[in-house]
Amino acid sequence: MPRSPQPPPFAASPSPNVSDEALREAARHLLSGGLIGMPTETVYGLAADATNGLAVAAIYAAKGRPSFNPLICHVDGPEMAAACARIDARALELMDRFWPGPLSLVLPRSDTCPVSELATAGLSSIAVRSPAHPVALELIRQVGRPLAAPSANRSEELSPTTARHVIEGLGERAPMVLDGGTCLAGIESTIVSLIGPDPVMLRPGAVTRHEIEQIIGPLSTPHSSSGVISPGMMRRHYAPRARLRLNATTVGAGEAFLAFGPSPASIIATLNLSESSRLDEAAANLFSMLRELDSKFEAIAIAPIPNEGLGEGINDRIKRASAHLFEDGV
Ligand code: AMP
Ligand code: MG
């Protein structure tokens, strides 16, 4: 006889306010590149189709985030996670025990991962989790793709735990919010990296260290203050091998030119972040274009990008990428 499904450990209360029609509309909205305020068991997320770079750029714009942090990709279970990430035995055991639930796993991106590079901030890793909220799970199932979702608040403001908070905080930036009731407040997902041989706890959260260690053994903690990368810990910033030159209006011998908008007449762009000078398009293209140029050139000259709106995040990432050799390691 099949085992009756166990209620997930962090199941939220039922969601009488979300009709089937509202869910279908939200799924359509996501598939056409829109944003949805989505209840999860931790906090409300601002969700976008993680495979659509422009939709992911819209998340950063709506939050007013001055930098592109990698986003957690929400999946409906291990199978969808396996389409994005390389899953080892430890990951499988943790998923089996804690999913759906507030445990995010950082895993190597698979070669065929469909998630936009903007969502993973150009890293070769991806954070995945399966939320224990019936509305979130059903939404992901209907969309059939992973949803990138940070908390649904403006940058620096408090994380929302009700639909009303989201509406008050984001207004028209979140045109549709699914009201899944009040989240179990104050607990973010625990983040564990399985990138190296030793699992690392990147962020404590609702699933405790002890619970995780019972399944996969000791967890190490990142040495954040010393700036030393412990063996196997992933980089938190994308770091190309090529030298980057910013605000370039000329191009030197052997340099690639990464343009934004129309290039000066004397320069032939190797690639263009956005021919029509759209910052959302530039954000969506940033990491994949840098990666492509990095594989072919020793040096990359990057055209000036206006430091407003999403341009702030783009410039922040380019600066970090160009300064990685001098940074404190992570
Ligand atoms: P949140 O603020 O809850 O949306 O969680 C985002 C955090 O998850 C980031 O700031 C990172 O610490 C972590 N994270 C997400 N994606 C990745 C990734 N690809 N590699 C490493 N850490 C990640
Ligand atoms: Mg937040």
Side-chain angles (χ1 to χ4, degrees), residues 10 35 37-48 50-51 53 56 59-60 62-75 81 84-87 91 101-110 113-133 136 146-161 166 170 183-196 199-207 219-224 229-230 232-239 286-288 291 313 316-317 320-321 329-330:
F10 291 89
L35 303 182
M38 171 178 82
T40 82
E41 80 278 32
T42 59
V43 299
Y44 273 73
L46 186 61
T51 69
V56 174
I59 294 180
Y60 295 106
K63 286 184 65 79
R65 260 196 189 176
S67 68
F68 299 144
N69 296 330
L71 304 176
I72 294 171
C73 294
H74 294 72
V75 294
C84 305
R86 290 207 299 277
I87 293 176
L103 176 65
S104 299
L105 298 176
V106 177
L107 300 166
R109 255 183 92 110
S110 66
C113 176
V115 167
S116 123
E117 294 228 37
L118 182 59
T120 52
L123 297 168
S124 53
S125 56
I126 181 167
V128 284
R129 104 170 174 96
S130 188
H133 193 296
L147 300 181
S151 57
N153 51 277
R154 296 279 289 167
S155 183
E156 320 251 294
E157 282 171 15
L158 278 180
S159 293
T161 53
V166 181
L170 291 177
C183 310
L184 297 181
I187 39 162
E188 292 181 285
S189 66
T190 306
I191 306 180
V192 170
S193 168
L194 296 177
I195 294 297
V200 182
M201 174 122 127
L202 296 182
R203 177 173 81 187
V207 176
L219 287 173
S220 34
T221 309
H223 307 277
S224 50
I229 308 178
S230 53
M233 237 197 90
M234 80 301 144
R235 287 188 169 281
R236 286 210 212 119
H237 303 310
Y238 169 68
L286 178 66
F287 293 106
S288 51
R291 190 182 300 281
D316 171 76
R317 276 301 156 181
R320 288 172 194 261
V330 290

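Atoms within each ligand, like the ligands themselves, are counted from 1 in listed order.
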Original post:
How far apart are the C-alpha atoms of E41 and R129, what are their side-chain angles, what is the distance that settles it, and do they pass the salt bridge (Lys or Arg N to Asp or Glu O under 4.0 Å) test?
Top reply: CA-CA 12 Å; E41 80 278 32; R129 104 170 174 96; 2.8 Å; yes

Original post:
L71 heavy atoms, cut-off 4.0 Å: which ligand 1 atoms fall inside?
Top reply: 16 (N)

Subject >> Taking every non-hydrogen atom, the tightest pair across L118 and F68 >> reply: CD1-CD1, 3.8 Å

**OP:** Taking only heavy atoms of S125 into account, list the atoms of ligand 1 that are under 4.0 Å away from them.
**Re:** 18 (C), 19 (N), 20 (N), 21 (C)

**OP:** Show which atoms of ligand 1 fall inside a sub-4.0 Å distance from at least one heavy-atom site of I72.
**Re:** 3 (O), 5 (O), 8 (O)

Subject >> Side-chain heavy-atom pair L219, V200 within 4.5 angstrom cut-off >> reply: no

**OP:** Would you tell me which option among I191, N69, L202 has the nearest heavy-atom contact to atom 7 (C) of ligand 1?
**Re:** I191

Subject >> For S116, all residues meeting side chain to side chain donor-acceptor pair (under 3.5 Å), sequence neighbours excluded >> reply: none

Original post:
If you take all heavy atoms of T42 and C183, which pair is closest and at what distance?
Top reply: O-CB, 3.3 Å

**OP:** With sequence neighbours excluded, tell me which residues meet salt bridge (charged side-chain N to carboxylate O under 4.0 Å, His left out) with R203.
**Re:** E188

Original post:
In terms of atom number and element, which parts of ligand 1 are under 4.0 angstrom from non-hydrogen atoms of V106?
Top reply: 20 (N), 21 (C), 22 (N)

Original post:
For ligand 1, is any non-hydrogen atom under 4.0 Å from L123's backbone (N, CA, C, O), its side chain (CB onward), both, or neither?
Top reply: side chain

Original post:
Which ligand 1 atoms does I126 reach within 4.0 Å, using its non-hydrogen atoms?
Top reply: 19 (N)

Subject >> From R109, R203, R129 - option closest to atom 1 (P) of ligand 1 by heavy atom >> reply: R203

